[in-house]
Amino acid sequence: QVQLVESGGGLVQPGGSLRLSCAASGSIFSIYAMGWYRQAPGKQRELVANITSGGRINYGDSVKGRFTISRDNAKNTVSLQMNSLKPEDTAVYYCYTDITTRVGYWGPGTQVTVSS
């Protein structure tokens, strides 16, 4: 199986920054895409950002201009730089990787709390 390990979550004040990282390991032969979803209490899980092995990126509308996703293909690692954080960004952030367009894996999630 594939394991995803997330790090970087925590508590930050509004307007602050946080950087999340995720490393994939296990039986990986190739990766189509990696990225992040998030889920806040009472809300559905939503796309934050993803990036393909070829560097194609898309962001959720609510984070465009504030978050930046990057990937280290050699290390099977994806990072999410989160700037200008808002209380509305508070959620559990889940790393995911798509081995193919039909097979993917989820990390356990890391809590991000934006509060003063």
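We use all heavy atoms of the structure for the numbers below, so side chains are in, but hydrogens, waters and symmetry mates are not.
- Side-chain atoms of Y93 and R38 include a donor-acceptor pair closer than 3.5 Å.
- Between W36 and F67, a ring centre-to-centre spacing not shorter than 6.0 Å is recorded.
- Contact check for D98 versus V103: no side-chain heavy atoms found under the 4.5 Å cut-off.
- Between L80 atom CG and L18 atom CG the span is 9.0 Å, to the nearest 0.5 Å.
- S79 and Q81 share no side-chain donor-acceptor pair at under 3.5 Å.
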message: What verdict does the side-chain contact (heavy atoms from CB on, under 4.5 Å) test give for R66 and D89, after you've listed the backbone C-alpha separation in whole Å, the side-chain angles of each residue and the deciding distance to 0.1 Å?
response: CA-CA 11 Å; R66 299 187 298 119; D89 295 317; 2.7 Å; yes

Name the atoms and distances for all side-chain donor-acceptor pairs under 3.5 Å in residues 1-12, with sequence neighbours left out.
{"residue": "Q3", "atom": "NE2", "partner": "Q1", "partner atom": "O", "Å": "3.1"}
{"residue": "E6", "atom": "OE1", "partner": "G109", "partner atom": "N", "Å": "2.6"}
{"residue": "E6", "atom": "OE2", "partner": "C95", "partner atom": "N", "Å": "2.6"}
{"residue": "E6", "atom": "OE2", "partner": "G109", "partner atom": "N", "Å": "3.4"}

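- For the pair T90 (side chain) and V114 (backbone), a donor-acceptor distance under 3.5 Å is present.
- Taking the side chain as every heavy atom from C-beta outward, S62 and E46 approach each other to under 4.5 Å.
- At a threshold of 4.5 Å between non-hydrogen side-chain atoms, the residues W106 and R45 count as touching.
- Atom CD1 in I51 sits 10.0 Å away from atom CG in N58 (nearest 0.5 Å).
- Shortest non-hydrogen contact noted between P14 and S115 is CD-C, 3.6 Å.
- Considering every non-hydrogen atom in both L20 and M82, the closest pair reads CG-CE, 3.6 Å.
- Placement of V78 and Y105 within a single hydrophobic cluster is found when ILVMFWY residues are connected by side-chain heavy-atom separations under 4.5 Å, directly or transitively.
- In this structure, I99 and S30 approach most closely via the heavy-atom pair CG2-O, 3.3 Å.
- With Y59 contributing its side chain and I69 its backbone, the two residues share a donor-acceptor pair below 3.5 Å.
- Other residues, nucleotides and ligands place more than 12 heavy atoms under 6.0 Å from the CD atom of Q111.
- Rounding to the nearest 0.5 angstrom, the gap separating the CD1 atom in I31 from the OG1 atom in T100 is 11.5 Å.
- Nearest heavy atoms, S70 versus R19: OG-NH2, 3.7 Å.
- Transitive grouping of hydrophobic side chains (ILVMFWY, heavy atoms separated by less than 4.5 Å) keeps L47 and V112 in distinct clusters.
- The shortest heavy-atom contact between M34 and A24 is CE-CB, 4.1 Å.
- With respect to D61 and K64, a salt bridge is recorded, a charged nitrogen being found less than 4.0 Å from a carboxylate O.
- Side-chain polar atoms of Y96 and N50 form a donor-acceptor pair below 3.5 angstrom.
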